Amino acid sequence: MDISSIFYAIITMGVLGFVFSAGLSIASKKLSVKEDPRITKIIDLLPGANCGACGYAGCAAMAEALVSGKAEPANCPVANSENLSKIAEILGLEVTEKERKVAVVLCQGDTNNQKKKAEYLGVQTCLAAHLVGGGPRACNWGCIGYGDCIRACPFDAIHMSENGLPVVDREKCTGCGKCVEACPRNIIELHPISRHVFVLCKNRDNPKLARSVCKTACISCGICERATGGKGFKVINNLAEVDYDLYTKEPVLPTDKCPTKCIVIVGNPGET
Amino acid sequence: MSNTARMIIVLTIAAILSGAILSVYNFYTYPKIQAHRQTELEKAIFEVIPDAEEYKKLELGEKVYYVGCTKKEKELGVAFLAEGNGFQGKISILVGMNMDMDTILAIKILEQVETPGLGTKIVDDPSNPEDRKWFTNQFKGLRALPEITYVKNEKPSKPGQIQAITGATISSRSVVEILNNAIKENREIFLKR
Amino acid sequence: MSSFKTSLAHEFTKGLWKENPVLRMLLGLCPTLAVTNSAVNGLSMGLAVIFTLTCSSTLISLIRNIVPKQVRIPTFIIVIATFVTVADRTLAAFFPTISKALGPYVPLIVVNCIILGRQEAFASKNPVHRAIIDALGMSIGFTLTLTILGMFRELLGAGSIFNLPIMPESFDTWLVMILPPGAFLALGLMIGIANWINSKLGIKS
């Protein structure tokens with residue numbers, strides 16, 4: 001062990017480093033793949049969540065689609081508007097501001113409101129329960145409560161309430177649609193954030209049956225339809241539905257007289 | 001600067017720095033590591049020459065011998081290193097023999113990198129809880145001439161014979177070969193001293 | 001640069017459980033199986049990994065903008081290998097018994113996928129303070145897992161924990177637990193328990 005061994009080490013490593021890096025630089029020239037430099041810039045501007053809401057297999061695929069013109073920046077519901085305009089600038093496009101959409105859970109059937117019909121001992125996911133017999137709760141249209149939507153959310157924007165009903169955090173929700181896909185009963189829908197009045201029920205059974213399974217089920221009594229003069233609320237197939245083109249009195253309830261209180265104001269006016 | 005130049009500079013500098021740091025650190029730790037080896041060696045000498053209380057180092061050419069003796073300078077045995085290849089790497093054994101070098105007093109395996117759980121049974125066999133060091137214990141008082149041999153799956157029947165470890169024949173065989181080669185070589189040198 | 005930043009606390013805690021490198025990401029299983037035959041060995045390997053991962057992540061995060069992407073991998077490996085060699089020589093010089101016990105597995109930390117994985121996935125793309133926290137979280141998670149696994153195997157296979165006899169004299173030790181098959185059994189059990197706990201907590205596996 002003497003000083004010369006330090007020199008040998010430095011020289012050996014230096015030569016190795018030089019030889020390999022020279023080799024790599026030659027290889028990278030000979031084997032280079034031409035990639036549009038805009039793609040890397042755009043990937044950096046996209047949120048990096050790889051949620052698939054745009055319809056592409058992740059942010060990298062979306063960047064390629066944007067550059068080749070197959071997609072437009074507004075297809076990404078998650079990116080904030082600052083990054084969207086930067087992306088549009090890179091692509092030489094005009095920025096179109098689309099209104100933000102958020103998820104809404106159209107059911108109030110938690111364990112307090114829905115009757116329990118059975119002790120369910122199967123796989124504890126909504127999908128499994130839905131396929132087998134509908135899970136422990138009585139309504140066949142309503143929330144099962146095992147949280148498939150909670151697990152699907154990449155943004156931590158939906159949580160289970162104490163009584164087994166999912167609650168959307170409208171600030172965190174990016175409208176990616178994963179919870180919409182996850183719900184086997186299509187109870188969750190995406191709506192523009194300026195909408196606040198919703199019929200929180202999906203039950204289309206006859207009124208007697210609906211009432212017998214859940215306290216807050218829509219019993220298609222028609223009071224809301226009459227209160228809006230047929231414009232705005234209509235009862236179709238045993239369920240009240242909002243016609244958002246016609247019902248412009250948001251965020252006011254059409255009437256206080258809904259007997260089961262299934263029409264609800266969701267969120268705060270003035271949210272963005 | 002061009003990407004190529006940057007690649008070459010960064011990697012070369014990284015390599016040089018690594019080489020420099022490591023060789024300096026090695027400079028600092030090497031003596032300590034050698035000291036440990038020495039202490040282990042000394043401890044091993046007293047293990048392979050039972051009853052020895054002191055030892056004398058004897059260098060004959062390139063070979064080193066450790067003659068163990070009592071406090072009254074009575075020579076009890078001689079120890080030397082036997083090295084060779086095992087199944088997976090170098091095996092280093094300290095051999096203690098009587099002064100005539102025809103019988104092994106004891107051996108101690110100092111270094112080995114055999115397959116854990118199989119080849120490592122040459123130093124520690126947990127599947128034989130009463131005598132985990134049974135393999136090396138076989139060599140205590142073993143007749144080394146004309147050579148050591150081994151048998152598999154049966155108890156040894158002749159003098160100078162030991163039993164190989166089931167499932168670790170190559171490691172066992174390597175130990176025997178290393179010992180035979182070393183004993184033959186060192187006999188000539190030591191006995192002519 | 002993603003536009004949703006997780007908090008620093010989250011970066012640390014994720015390595016402890018939600019993204020535990022051994023139990024959830026199933027990385028670095030080779031040293032895990034090999035050195036958990038006793039609690040001390042598991043802990044020592046963990047400490048070596050804490051040192052290596054933290055130092056490597058710090059340095060690589062600091063130089064992340066200087067290194068051209070074509071020589072990224074060799075440069076990272078040089079950094080990691082340098083720290084591992086320092087750790088290995090330090091153990092050999094100052095803790096020779098542990099160095100012997102861990103044997104060839106300390107140099108093998110260079111190719112432990114946890115280390116290179118965190119550099120590629122995180123340290124090379126994040127500022128220093130985040131890289132350090134991530135490295136600490138991951139390596140401490142690794143260490144805790146290995147120590148617990150080592151304690152479990154040592155308890156059943158040798159009747160002790162950290163060389164202190166725990167089991168009564170009459171306990172017939174389960175030798176297999178300190179041998180390779182026991183390693184697989186114990187690790188499999190631990191991963192199973194982790195998955196069960198997570199399914200109760202509602203975290204997808």
Side-chain angles (χ1 to χ4, degrees), chain B residues 1-41 43 88-90 92 109-121 123-130 132 167-168, chain C residues 30 33-35 37 41 55 59-60 63-97 99-105 107-108 110 157-159 172-184:
Chain B
M1 76 176 72
S2 85
N3 205 31
T4 310
R6 209 160 152 196
M7 277 170 64
I8 296 184
I9 291 178
V10 165
L11 198 53
T12 310
I13 291 187
I16 290 178
L17 280 177
S18 170
I21 294 175
L22 287 179
S23 53
V24 167
Y25 194 67
N26 200 31
F27 200 70
Y28 168 59
T29 55
Y30 189 75
K32 292 200 170 56
I33 297 176
Q34 289 305 94
H36 286 308
R37 284 226 179 102
Q38 189 58 25
T39 327
E40 265 215 42
L41 185 63
K43 214 173 88 180
Q88 282 200 178
K90 190 173 93 167
S92 182
I109 299 178
L110 296 179
E111 282 175 24
Q112 52 84 22
V113 281
E114 303 299 277
T115 321
L118 282 175
T120 51
K121 285 185 184 178
V123 292
D124 179 28
D125 186 359
S127 62
N128 190 344
E130 264 122 59
R132 286 164 76 135
Chain C
C30 173
L33 293 167
V35 307
N37 50 3
N41 288 350
C55 295
L59 187 54
I60 287 178
I63 63 173
R64 72 185 185 280
N65 294 320
I66 311 176
V67 180
K69 60 176 165 36
Q70 298 95 326
V71 291
R72 186 178 89 240
I73 295 182
T75 313
F76 292 173
I77 296 268
I78 290 182
V79 170
I80 298 172
T82 308
F83 283 117
V84 169
T85 312
V86 166
D88 177 54
R89 292 293 90 199
T90 309
L91 279 178
F94 297 103
F95 303 99
T97 11
S99 175
K100 275 230 157 73
L102 295 181
Y105 290 100
L108 283 178
V110 181
D172 220 359
T173 59
W174 298 5
L175 211 52
V176 71
M177 292 313 291
I178 52 176
L179 296 175
F184 283 95

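In what follows, chains carry the letters A, B, and so on, assigned in the order in which the sequence lines appear, proteins first and then strands, with residues in each chain numbered from 1. Remember, it's a predicted structure, so these values are computed and weren't measured experimentally. Values reported hereafter were calculated over all heavy atoms of this structure, with side chains retained and with hydrogens, waters and symmetry mates removed.
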Going by heavy atoms in the side chains, are C:Val79 and C:Phe83 under 4.5 Å from each other? yes
C:Ser99 versus chain B, the contacting section by heavy-atom distance below 4.5 Å: neither
Could you have a look at B:Val10, B:Leu17, B:Leu22 and say which one has the most heavy-atom pairs with chain C under 4.5 angstrom? B:Leu22
Checking side chain to side chain contact (heavy atoms under 4.5 Å, CB included) against C:Leu102, which of C:Asn41, C:Thr97, C:Leu108 comes through? C:Asn41
Against chain C, label B:Gln34 side chain, backbone, both or neither, depending on which of its atoms sit under 4.5 Å from a heavy atom there. neither
Toward chain B, the part of C:Lys100 with a non-hydrogen atom under 4.5 Å: side chain
Looking only at C:Thr75, C:Ile78, C:Asn37, C:Ile63, the option with the highest number of non-hydrogen pairs under 4.5 Å against chain B is C:Ile78
Highest number of heavy-atom pairs under 4.5 Å with chain B: which of C:Ile178, C:Thr90, C:Val176, C:Val67? C:Thr90
Using a distance-only test with no angle check, is there a side-chain donor-acceptor pair under 3.5 angstrom linking C:Thr85 and B:Tyr25? no
Are B:Arg37 and B:Glu111 close enough that some pair of their side-chain heavy atoms sits under 4.5 Å apart? yes
Would one find more than 12 heavy atoms of other residues, nucleotides or ligands at under 6.0 Å from atom CZ of C:Phe94? yes
